[in-house]
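Below: the structure, in structure tokens.
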Amino acid sequence: MKVIIVGGVAGGASAAARLRRLDESAEIILLERGDHISFANCGLPYYIGGEITEKESLFLQTPESFRARFNVDARVRNEVVQINPQKKTVRIKNLSDGTVYEETYDKLILSPGAEPLKPPFPGSDDPRIFTLRNVPDAFQIRNFIDANHPQRVLVVGGGYIGVEMAENLCNAGLEVTIAELSDHLIAPLDFDMACVVHQYLRSKGIRLMLKTGVKAFIPSETEISAEIGDELYSFDFVVLSVGVRPETSLAKNAGLKLNPKGAVLVDAYMRTSDENIYAVGDAIEITNFVTGKPGYIPLAGPANKQGRIAADNICGLKRSYSGTQGSAVLKVFEMTVATTGLNEVAAIASGIETEKVYVCPSSHASYYPGASAMFFKLIFEKSNGKILGAEIVGFEGVDKRCDVIATAIRGGMTVFDLTSLELCYAPPFSSAKDPVNMAGYVAENVLLGKVKQSFWHDYEALRRDDNAILLDVRTRYEYQQGAIDGTVLIPVDELRENLDQLDRSKKIYVNCQSGQRSYLACRILMQHGYDCYNLAGGYLLYNIVKSELNN
């Protein structure tokens, strides 16, 4: 059997290695048009920022090491320019000497990846305007910084790569501005959770220009002026990070079926519309694991799994890919941002009747030194409590909590199941009730009717509602440091003795700092006949979001 793989990195290299482990006699040719068959794509921003100091650290395999270990004929600077499915041949151009040749195949795996979007901004062809896709791009940016010692940089786009680039360029000593057309950074986050990240990035000196698109670049000899909104801003260079699109011109020209956005259509076995051609990675349409609907989620983890599954099926092991749920984690200076599954906006857009809860637990036992708060948003189905997704922002232990939720989603678990999970506990690592358990408890209370919720976006209208009482149950000191306009203060420990101050004919909207004490207050009030609502996320989240909106 002869298998040709087009493209290396995550999907292609994984497929090649798995093929060899399954079939020692197969002829395997890996064709990569770049200089490197397998490199640490996700590590490129950290090389630019100086966190990764050695170029060699970025290279996971070389053609020589791949041949020695896996007996794979790995050819770099060899670009496949045409596929002929009828003849089962590929036409290849050797980029080193310009020669063109053909290879036959029994099975073909396409792993061309995605290419950065480069909108046709006027002036965007200036050599000081970069994109980041591969190692040469990273070297080019790093060399420019080393040679020119720039002071000011504009990052266009606030997705994962854009934010990572902003952090690393800031660490390299530059003044960084992020321009993002949306109202928030990091699209998998909902707006309210992104506000926590915005506040932190601003504290690190990064300027955010949100809901503001770049219209044009005006290069001069000494700088690049960017027209953002109705103003001009000057920078020394620009990094475009406005997203990617599947690189599928080869597949299209070969007559393979694509979706309207250009991604290759594959079945659960990674087969394209041609039974002898498979496709994996950032070039393909996936099935969203949570909704069961088509989607596009370009991530390294799924690409690796898809490469393995394609190899399994070529070798006769019937393996299927069950879908992508979009689990991802992002380092933002000392902060960690993690997401899995659907955010609230996506869940609602999918037609799911959705509920949400927020908890703000400590990363570990509060009496053990070094505990820090995290913001934890859990999204689930209102009818049955099935977990749809989670967003967690904090400084310690964020990734492991999100991994638990990601696993729970794969297992089809509900919020009720989270309450019974037995997770590792010791004071330096967690609390006896882990934040995952706490999120489950809060969600359970909502579904069982033990508490009703209000949210930060309700309060503008509530302040004008004569039938509403806004009640703050924090301490007097906390209240004096800042409170929601229009709230009255009755500390929770004094609530039972002051119930006569509250009009039973009105609805009571209760808040504390994080939502925990106000939940206790709601339980007291409900059992005394009051109609009350707990502010999810508490004053802490409310204040962050409102500050961001005012900003």
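- E548 and R202 are joined by a salt bridge, as a carboxylate oxygen and a charged side-chain nitrogen come within less than 4.0 angstrom of each other.
- Without hydrogens or angle criteria, R133 side chain to A114 main chain gives a donor-acceptor distance under 3.5 Å.
- In this structure, CE in M335 is found 11.5 Å from CE in M374, a value given to the nearest 0.5 Å.
- Of the possible donor and acceptor atoms, none in the side chain of S518 sits under 3.5 Å from a partner among the backbone N and O of N511.
- Taking OH of Y46 as the start and CD1 of I52 as the end, the distance is 8.5 Å to the nearest 0.5 Å.
- Nearest heavy-atom pair across H364 and F429 is CB-C, 3.5 Å.
- Remark: the backbone N or O of T475 is paired with a side-chain donor or acceptor of E478 at under 3.5 angstrom.
- Salt bridge status for K293 with E285: absent, with no side-chain N to carboxylate O gap under 4.0 Å.
- Salt-bridge formation is not detected for the pair D485/R463: no Lys NZ or Arg NE/NH1/NH2 atom is positioned less than 4.0 Å from an Asp or Glu carboxylate oxygen.
- The two atoms that bring I490 and L495 nearest to each other are CG2-CA, 3.9 Å, heavy atoms only.
- In this structure, E396 places its CD atom where more than 12 heavy-atom neighbours from other residues, nucleotides or ligands lie under 6.0 Å away.
- The nearest pair of heavy atoms linking I309 to S320 is CD1-O, 3.7 Å.
- Contact check for D183 versus L210: no side-chain heavy atoms found under the 4.5 Å cut-off.
- When only modelled atom types and interatomic distance are considered, D434 and S430 share a side-chain donor-acceptor pair under 3.5 Å.
- Contact of the T336 side chain with the V393 side chain is not registered, since no non-hydrogen atoms from C-beta on lie closer than 4.5 Å.
- Cation-pi geometry between R401 and F376 is not satisfied (NZ or CZ under 6.0 Å from the ring centre, within 45° of the ring normal).
- Within a 6.0 Å sphere centred on CG of N550, heavy atoms belonging to other residues, nucleotides or ligands number more than 12.
- Side-chain atoms of N445 come within 3.5 Å of backbone N or O of Y441 as a donor-acceptor pair.
- Here the side chain of D458 pairs a donor or acceptor atom with the backbone of F455 at under 3.5 angstrom.
- Counting only distance, with no hydrogens or angles, the side chain of T354 and the backbone of I352 share a donor-acceptor pair below 3.5 Å.
- With respect to the salt-bridge test (charged N to carboxylate O, under 4.0 angstrom), the residues K331 and E167 qualify.
- Applying the ring pair (Phe, Tyr, Trp, His ring centres under 6.0 Å) definition to pairs two or more places apart or across chains, those involving residues 173-211 are Y200-F395.
- For Y425, the ring-ring contact (aromatic ring centres under 6.0 Å, His included) criterion is met by no residue, not counting sequence neighbours.
- Taking the six-membered ring where the residue is Trp, the centroids of Y542 and Y459 are separated by under 6.0 Å.
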Would D192 and F375 satisfy side-chain contact (heavy atoms from CB on, under 4.5 Å), going step by step from the backbone distance to the final call?
-> CA-CA 10 Å; D192 45 19; F375 292 85; over 6 Å; no
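- Taking the six-membered ring for Trp and the full ring otherwise, the centers of H528 and Y530 sit at least 6.0 Å from each other.
- Minimum interatomic distance between A408 and L418 (heavy atoms only, all atoms of both residues): CB-CD2, 4.2 Å.
- Not one N or O on the side chain of R523 forms a donor-acceptor pair closer than 3.5 Å with the backbone of Y519.
- Separation of atoms CG (D146) and CD1 (I141) is listed at 12.0 Å; rounding is to 0.5 Å.
- For the pair T414 (side chain) and K386 (backbone), a donor-acceptor distance under 3.5 Å is absent.
- Summarising the local packing, CD of E422 is surrounded by 12 or fewer heavy atoms from other residues, nucleotides or ligands at distances under 6.0 Å.
- With rounding to the nearest 0.5 angstrom, the SG atom of C195 is 8.0 Å from the CG atom of L541.
- With values rounded to the nearest 0.5 angstrom, L470 atom CG is found 9.0 Å from I508 atom CD1.
- By the 6.0 Å and 45° rule, K377 does not stack over the aromatic ring of Y358.
- Side-chain atoms of N543 never come within 3.5 Å of backbone atoms of Y539 as a donor-acceptor pair (strictly under, hydrogens ignored).
- Here the rule is salt bridge (charged side-chain N to carboxylate O under 4.0 Å, His left out) with D531, and of K506, R504, K452 only K452 fits it.
- Across all their heavy atoms, S505 and D503 have their closest contact at OG-OD1, 2.7 Å.
- Side-chain polar atoms of T177 and R152 form no donor-acceptor pair below 3.5 angstrom.
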Audit row: R410, S322, side-chain contact (heavy atoms from CB on, under 4.5 Å) steps and yes/no | CA-CA 10 Å; R410 280 280 156 176; S322 57; 2.6 Å; yes
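- Atom CD of Q481 has more than 12 heavy atoms from other residues, nucleotides or ligands within 6.0 Å.
- When side chains are defined from C-beta on, V488 does not count as touching Q501, because their heavy atoms never get closer than 4.5 Å.
- With contacts defined as side-chain heavy-atom distances shorter than 4.5 Å, the pair C532/M526 qualifies.
- Here the side chains of R207 and V176 are not in contact, with every heavy-atom distance at 4.5 Å or above.
- Between D282 and Y296, the closest side-chain pair of non-hydrogen atoms falls below 4.5 Å.
- A 6.0 Å sphere centred on CZ of R496 holds no more than 12 heavy atoms belonging to other residues, nucleotides or ligands.
- The closest side-chain donor-acceptor pair between S14 and N304 falls under 3.5 angstrom.
- A donor-acceptor pair shorter than 3.5 Å cannot be found between the side chains of N534 and Y509.
- Test L132, T131, V242, I161 against P116 for side chain to side chain contact (heavy atoms under 4.5 Å, CB included) and you get one pass: T131.
- Residue-environment remark: CD (E494) exceeds the threshold of 12 foreign heavy atoms within 6.0 Å.
- In summary, R517 and D493 do not engage in a salt bridge, as defined by a charged side-chain N under 4.0 Å from a carboxylate O.
- If you look at F139 and Y47, their ring centroids are closer than 6.0 Å.
- Across all their heavy atoms, M165 and V239 have their closest contact at CE-CG2, 4.2 Å.
- In this structure, Q325 contributes its side chain and A406 its backbone to a donor-acceptor pair below 3.5 Å.
- Electrostatic pairing of K356 and E344 counts as a salt bridge here, judged by a charged N lying under 4.0 Å from a carboxylate O.
- Counting non-hydrogen atoms of neighbouring residues, nucleotides and ligands closer than 6.0 angstrom, the OH atom of Y479 exceeds 12 such neighbours.
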Tell me, with the steps shown, if N288 and T324 meet side-chain contact (heavy atoms from CB on, under 4.5 Å).
-> CA-CA 5 Å; N288 187 294; T324 304; over 6 Å; no
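- Contact check for V510 versus L525: side-chain heavy atoms found under the 4.5 Å cut-off.
- Within the 4.5 Å cutoff, side-chain heavy atoms of L330 are placed close to those of Y160.
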Would you please test V238 and V156 for side-chain contact (heavy atoms from CB on, under 4.5 Å) and show each step?
-> CA-CA 7 Å; V238 176; V156 182; 3.9 Å; yes
